Structures are given as structure tokens and as C-alpha cells.
Protein chains: 2
Amino acid sequence: MLGYAILGLLRAKPSSGYELRKIFGETPMGSFSDSPGAIYPALLRLEDRKLIAASPDAGPTQRRRKAFQLTRGGVVALKEWLRAPINETDVANRLNVLMLKFAFMDGTLGERATIAFLREFERELNSYVAVLTKYVQGDLTHMAMSSRLALQSGLLGYLAQAKWLAHAIATYEERVKL
Amino acid sequence: MLGYAILGLLRAKPSSGYELRKIFGETPMGSFSDSPGAIYPALLRLEDRKLIAASPDAGPTQRRRKAFQLTRGGVVALKEWLRAPINETDVANRLNVLMLKFAFMDGTLGERATIAFLREFERELNSYVAVLTKYVQGDLTHMAMSSRLALQSGLLGYLAQAKWLAHAIATYEERVKL
DNA sequence: TGAATCATGTAATAGGTTACATGATTCT
DNA sequence: AGAATCATGTAACCTATTACATGATTCA
């Protein structure tokens, strides 16, 4: 995951490890670790796999700074990841990954692919909401009140996500028309 | 995290590794791995640390089955974890952990502690919503549309959580009155 | 009896966490 | 000159993933 987050950020803008650390530490991308022990080894791995390469950009100062940018292979790998089909497990347990993909998507795959992604997302989400609703309507009398409420919180979260999806799809469709 | 999830489940009901695997594989607790390579080593670690011990329960059949239950130390460890103060990082990046704690809470710490937890949760969440709102209102023109929408999705998710929290608090307060 | 499921494990690998370490540059 | 921050790395440890392995019990 960290690797793909880095690929997505580097596609938008070539950056150094330090800059990536600041993004992870100071923006809402904080679910990723900003520790050097995570970032630098991840950059090395991506470099070994030829998905990124040191950018020729010397930067404004002479300061030591190794900026990386995507190679062609890196772009391909990022696109493949973004295009992977969505399954129920993604929706149930990895909404954050789907949202990360989405955040990188229209700059990488374009608007039409993004709309297709959102539609698939919506389909899978509705299907999962149905499953979860059925579960919640089952016999939960053995459960503590807090466990039941926690379940309800999860369901409400998915419903909020569904509402947002409808809005996002409408936004993109409006945009394509223009 | 997996360790605490196991402690919470075992406190509610002594279980074998296989039963835990089924819970993780077939219920909304699916964010935890149900692979034997995760569960059994985790159980061994908890046993080594004397937080769980083999239950004397031989089970209804003769079938080989190692059920575990919490030791006193295990109960203490679980309670300490549940009682740890909530900080902004938890709310921003580990909502799932907070909800896991909550799910285990009223059976372990009781209703009053649960209400206190929910109030603290609400306070931290509101504070983080304010931070995030300010961020969203900043200059986002450099961002792709999809990134902006992803941010909005996050914010809406937190708002849904806040609404749920108010409801959960009201539910518990009603309950304590009775 | 054979298939399915119950049930528990191990080994290799990969990746993250925490803590430590180092030096350059900027700012006061 | 000294503090803060820029900037990159390493090492030890822990844990999850993936795949493999094994045997018991139940059921058709």
C-alpha cells in the first residue's frame, strides 16, 4: 500500500523522501507512516523494481536532496493497480484503499475511467450494504449493546459513503458533458 | 491490534483458534486476518505473556480443540487498553480501533466508563472535524477533482460518525437512568 | 470409503515500527 | 556560534501474508 501511495504522489509531482514524509505527517494522508524507516526503504524497493528513478531536478538549492519520479514502468504499475476490479472485500475492509485509488485516479486514468470506477464502487457498495443489513437484522440478542451500536456505526458509515458516491458520480457526469 | 481483538473476543467467550478464524472470516470483524499464520502465532504470544491460558473446557466432543480464556493479567491488559486516553491521531487515522474498543467496552468496563469514553471520543472528533474543515477550506486549486472529492468523502464520514456518537451517547444515558 | 470440514500448526518472506545515527543548511 | 530544521539512512525487532503440511472427525 505504501508503495502505491508513493507512486500516486510521485506521478502528480516528483518529490524527495523528505517531502513525502511531510505529506504523510501533515496532511489528511496521515494513515501512512511518515517514519524514515518506512519511507526510505520503500523508495529503495521502488527504485530496485525500476518503478521510480532519481529525478534530474537539482532543485532550487544545492542542498542534498534526492527527488524521484515515475519511470514508464512505474506509470504502468500505477495504472494497473488503479484499474484492478473492485470486489466485496475491498468495500468491506479496505474502503481507504479504494478512496486512495480514487484520489489518484482522474489525474492518471482520466475522467471516463474515473466514472466507471465510481459506478463499480457504487454497485459493490450497495451489494455489501445489503449483506450487512441482513446481518444486522439477524439475531443479535447475544451481543452487548456497545457491539450492536458499533455495528450500526459501521452501517451508517457505509450509507454515508453511498450517498457521497452518488454525489461524486453526478459531479463527474456534469463535468464530462461540458 | 490483532492481539487486543482476540483478548476482547475471548473475554466475551472462551474460544479456540478455529472459532476466532471463523469470526474474522464470516462476520463484520473481517478487517482482521483469518489466516492460521496470523491467529495461531498471536495466540502463542498471548499465552507466552500469560494473558490467556488454555481453558479446561474439554468441549462437547472429544475432538482436538484448544480453547483459550483470559487470565487475570489478560483482563487487566484488556482494561488498560480500553482505558487509554483518546488522542487526535486515533480519531484521524484509527477510527476502526476506537470502534473496536467501544464494541468490547460495556461488557468489560461497564456503562459509566463507556459513556465517558463516548464523550471523550466526541470531543476529539469534533476537534478533528474542525481541523479538517479548515484544511478543506484552504487552497485546494492545485488538487485534482478526484482528490478534492476524496477529501470531502473523508469529512462526510467523520460527520456521520459524529452524528452516530450523539445517538450512542443518548442511548447510553437513557439506559443508565432506568 | 472418500470428500468435506474441523483444527492446528510451520517456514519463508516482506514490510512496518522504533530507535539510533549522521551530517548539511538555515536562521537568530 | 548554537538551535532548529532539512535530509537521509540503518539495525533490531515484531508481525502479517502466503503457502505448505498434517491429521482427525463427520457425513453422504
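Residue numbering restarts at 1 for every chain, and letters A, B, ... go by the order of the sequence lines. Worth saying up front: this structure is predicted, and the values here are computed from it rather than measured.
Across the protein-nucleic acid pair, A/R94 atom CZ and D/dA16 atom C1' stand 13 Å apart, rounded to whole Å. Rounded to whole angstrom, the span from the CG atom of A/L46 across to the P atom of C/dA14 amounts to 14 Å. Atom NZ of A/K66 and atom P of C/dA24 are 17 Å apart (whole Å). For the pair A/L20 CG and D/dT8 P, the computed distance is 9 Å after rounding to whole Å. Counting to the nearest Å, the P atom of C/dA7 and the CZ atom of B/F24 are 17 Å from each other. Between the CG atom of B/L43 and the P atom of D/dT15 there is a distance of 13 Å, rounded to whole Å. Rounded to a whole Å, the OH atom of A/Y40 is 15 Å from the P atom of C/dG16. The separation between B/I39 atom CD1 and C/dC6 atom C1' is 15 Å, rounded to whole Å.
A side-chain donor-acceptor contact under 3.5 Å links A/R11 to the backbone of A/G107.
When the side-chain nitrogen and oxygen atoms of B/R49 are compared with OP1 and OP2 of D/dC14, none of them lie within a distance under 4.0 Å. OP1 or OP2 of D/dC14 has not a single side-chain nitrogen or oxygen of B/R45 nearer than 4.0 Å. In this model, the phosphate group of D/dA16 is not approached by any side-chain N or O of B/S35 to a distance below 4.0 Å at OP1 or OP2. Residue A/S33 places at least one side-chain N or O closer than 4.0 Å to OP1 or OP2 of C/dT17. Phosphate proximity of D/dA7 to A/R21: absent, as no side-chain N or O sits under 4.0 Å from OP1 or OP2.
In the hydrophobic cluster analysis, where Ile, Leu, Val, Met, Phe, Trp and Tyr join through side-chain heavy atoms closer than 4.5 angstrom, B/M1 is grouped together with B/V91.
Across all strands shown, B/G37 has heavy atoms under 4.0 Å from base atoms, whether or not it also approaches the sugar-phosphate.
Each of A/K22 and B/L2 was assigned the nucleotide of DNA chain D with the nearest heavy atom; the assignment lying further toward the 5' end belongs to A/K22. For A/M1 and A/P36, each mapped to the nucleotide of DNA chain C holding its nearest heavy atom, the one lying further toward the 5' end belongs to A/M1.
Aromatic ring centres of A/F102 and A/W164 lie closer together than 6.0 Å.
Ring geometry for B/F104 against B/W81 counts as tilted: the plane angle lies between 30° and 60°, on a 0 to 90° scale.
Distances from the side chain of B/Y18 to the nucleotides D/dC6, C/dC6, D/dA16 place C/dC6 closest. Distances were taken from every side-chain heavy atom of B/A38 (C-beta onward) to each of C/dT8, C/dT10, D/dT17; the shortest belongs to D/dT17.
The closest side-chain donor-acceptor pair between B/E124 and B/S127, if any, does not fall under 3.5 angstrom.
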